[in-house]
Amino acid sequence: MTPLEGTYYDGLTSRASPVWLELDEANVLHVVGLPEPVSYPLASVRISPRLGNTTRALHFPGGAKCDCTDNAAVDALLRRSGKGKLGQLVHQLESRWQHAIVAGVLLVLLLVGGAHWGIPFLARRVADAMPAAMAYDLGRGTLQALDRTVLQPSQLPDDVQQRILAQFAVMARHYPELPLSLHYRRGIGPNAFALPDGTVIATDELVELAKNDEEVLAVLAHEIGHVHNRHGLRMALEGSTFVLLSSAYFGDVTQLTTLSAALPSVYTRAAYSRELETEADTFALQYLDETHIPRQRFADIMRALQKELGGDSQHGLQYLASHPPTSERIKRFEASGPEK
Amino acid sequence: MNPYPPVVSAPAFAFAPPPEERALRFEFTGNAKEYFRIWIVNTLLTIVTLGVYSAWAKVRTKQYFYRHTFVDGTSFEYLADPYKVLKGRLIAALALGLLFASQHYSVTLYVVVVVLFVLATPWVLVKALAFNARNSAYRNLRFAFTGRTGEAFGLYLGMLLLHVVSCGLAYPYVQWRMTSFVITRHLYGDLRLWWESKSGAYYVVYLVALALLLPVYVMVFVLIVTGSSDDGNPAAIQPMLPGLATLYLAIFAVTAYVRSRVANLAWGGIRLGPHWLTCHQRARELLLLYVVNFLAVVGSVGLLIPWARVRLARYRASCLTLHAVGPLISEKLLDEEAEALGEGLSDLGDFDIGIGV
């Protein structure tokens, strides 16, 4: 084989010596050009894996090394030595645009798929596995914080409050494992939402909008569904897991990218909540069927909410008020007969 | 071990010509297209292997940047064993897991773990610097970090105390002192790095930064006070937006100023035997680089990260000059010396440690 040009460093000083490398038939590598020529069996030479078009290093036993810029020739040496197959494979992957494009597409699919299915799946497993005391601890104090900012005390007549509270207590008895409590507030329009600690808030405006108590109960059943399925906890886990995973994978890239890494979780939150809404709807459906409340009640109140709020509303409290009223959801309740 | 740098010996013969000074510019020769393919494949492999490949990705990336950084016609080399990097990452993951888990059990346990973390910081710092130095080579001679854990521990606690007692006013001194420790405990071969920057220069940098930021803060404060006179209506945010944008741009600009000056002081103060380094980053150029990189990375949803990194590396290298007096010769540290310097060979793997350089 033709001699290979290189720069030799003995490892004892930083002095560089221009040399040629020659491989003989017995697979011994001769370093030519030094005051005293040296040679090493090829099998004892550690050849650095190819990386882009960077200079390669041949590390010799004893600490000397030779830098070579002729990547093709060094690859030929590596093949002769029968080593470095994995390194060559990695270089193959890294050097072709086709592979880069495939990798990019796979990366996007993995990230999107992971955000869409993987993380909600993990969040659900973790949320379900969490002890009740810990799970319902989350969100404690949220109501007080909301009271200080956006919520106002209820002005509903006492008898109305008591009547619905009594029916809520009957509902709550179905789920003794949940620390449920109902509170009335006003100030954010017709709405209801549940906090992870089992606090369910119904607004005066919702009660006033409802044509009968069963409509209110249907909405409350939906909210209990959120508590039962630990949706608040899952949302929190999904949010933090995504940021955690993103920063783990992209954290050491640059500080600037932490921002863009956090963005997907913001985008996907809307999709998560739609999925969770459906779960809570299923829960409400089951409850209505069990207690022989017509499903139509939920459809009616949803329609009224939709009308009141003007379609999918842009309400300021949308993130807590987990009710984007959509026609699809209403249709589910209007379809005749209980679902199998 | 002699803590002073080897003295430049006088010429052996009176008539020997004085060694000639050569200004050798650093150069980064990597390109974004090549690095993009490496980066995207390594990122994918890292995710597919649930993070295990990250150690190999780390070594390849570092080696890529080292091998493309040239001075005097030769590039640097990164020689770390990915398995050791992986070990370090596993230890770090375990430690973080311990920290999070302790949160759930009791406040006391959590506080104990946090205090242990703080106390372990100097040890981790020394181990990481030593790992990085030992695996960095130029012309087949490795660097070495000779700082001791005990020394780092005293310095770290002292500086922490000083920082707290002075309410942060001593920060420039603290940064100078830590940088001094990190640089002067490094060896290249048997040449010790020496550092000539003064703490006063660090104070000047931060005073100028403060002077630049102060009017911006006042302006934004005035804008917020006058802008939020009506109730907490979200629409009231609108008139504040130009003020907020100015604030962010000003923070970007001041960051660029501080980073460039601190880099100049840190790198530019280094002496290596008879040779020395100069660094001349400019705040304006760095700011432009940061802003363009930021917009490119955010606008491309991260796809231009490799391009941004290559640009930064190219700029940083182009600002660095090695002034060589005579040939660039260093010798390998004798084995017994190396043994006396290193604190055992237990590797903790690599951690990226920013010391503001």
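The structure displayed is predicted, hence computed values, not measured ones. Chain A is the first sequence line, chain B the second, and so forth, proteins listed ahead of strands; every chain is numbered from 1.
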Exercise for the section: Check whether more than 12 heavy atoms from other residues, nucleotides or ligands sit under 6.0 Å from atom CG of A:L86, and answer yes or no. Expected result: no

Problem - Within 6.0 angstrom of B:R311 CZ, more than 12 heavy atoms from elsewhere - result: yes

Completion exercise
Note: vs chain B, highest number of non-hydrogen pairs under 4.5 angstrom among A:S48, A:A16, A:A57 is A:A57

Exercise for the section: Taking the side chain as every heavy atom from C-beta outward, state whether A:L107 and B:I47 have any pair of such atoms under 4.5 Å apart. Expected result: yes

Practice task
Please tell me if the side chains of B:N42 and A:E94 come closer than 4.5 Å, counting only heavy atoms from C-beta onward.
Solution key: yes

Exercise for the section: Go through the atoms of B:L303 and report whether side chain, backbone, both or neither lie under 4.5 Å from a heavy atom of chain A. Expected result: neither

Problem - Flag side-chain contact, heavy atom, 4.5 Å: B:L44 against A:L110 - result: yes

Problem - Charged N-O contact under 4.0 Å between B:R67 and A:D67 - result: yes

Completion exercise
Cut-off 4.5 Å, heavy atoms of chain B, and the answer for A:S95 is backbone

Practice task
For B:R37 and A:Q98, run side-chain contact (heavy atoms from CB on, under 4.5 Å): C-alpha distance rounded to whole Å, both residues' side-chain angles, the deciding distance at 0.1 Å, then the answer.
Solution key: CA-CA 10 Å; B:R37 290 172 296 203; A:Q98 299 96 289; over 6 Å; no

Handout entry: Among the listed options B:I38, B:L45, B:N31, B:V41, the residue most often paired with chain A at heavy-atom distances under 4.5 Å
Key = B:I38

Problem - Side chain / backbone / both / neither for A:L106 at chain B, heavy atoms under 4.5 Å - result: both

Handout entry: Validation row: A:T54, B:Q63 side chains within 4.5 angstrom (heavy atoms)
Key = no

Problem - B:Y53, part contacting chain A, at a heavy-atom distance under 4.5 Å - result: side chain

Fill in the blank from the handout: Okay, A:R46 and chain B: the region with an atom under 4.5 Å from a heavy atom over there is neither

Handout entry: Sidechain-backbone polar pair: B:N140 side chain, A:S14 backbone, donor-acceptor under 3.5 Å
Key = no

Completion exercise
In terms of heavy-atom pairs under 4.5 Å with chain A, the winner among B:K33, B:H68, B:R142 is B:K33

Practice task
For side-chain contact (heavy atoms from CB on, under 4.5 Å), just list the numbers for A:V90 and B:R60, CA-CA rounded to whole Å, side-chain angles, deciding distance to a tenth of an Å, and then say yes or no.
Solution key: CA-CA 10 Å; A:V90 173; B:R60 285 184 82 77; 3.6 Å; yes

Exercise for the section: Report yes if the side chains of B:R139 and A:T13 come closer than 4.5 Å at any heavy-atom pair, otherwise no. Expected result: no

Problem - Exceeds 12 heavy-atom contacts within 6.0 angstrom, atom CD of A:Q88 - result: yes

Completion exercise
When the 4.5 angstrom heavy-atom criterion is applied to B:I40 and chain A, the contacting part is both

Exercise for the section: Keeping the roles fixed (side chain from B:E34, backbone from A:N53), state whether a donor-acceptor pair exists under 3.5 Å. Expected result: yes

Exercise for the section: Could you look at B:Y35 and say if it's the side chain, the backbone, both or neither that has a heavy atom under 4.5 Å from chain A? Expected result: neither

Practice task
Let me know if B:Y188 has heavy atoms under 4.5 Å from chain A in its side chain, its backbone, both or neither.
Solution key: side chain

Exercise for the section: Walk me through it: do A:Y9 and B:T74 pass the test side-chain contact (heavy atoms from CB on, under 4.5 Å)? Expected result: CA-CA 11 Å; A:Y9 302 94; B:T74 314; 3.3 Å; yes

Exercise for the section: Output the distance between atom CZ (B:F65) and atom CG (A:L51), rounded to the nearest 0.5 Å. Expected result: 10.5 Å

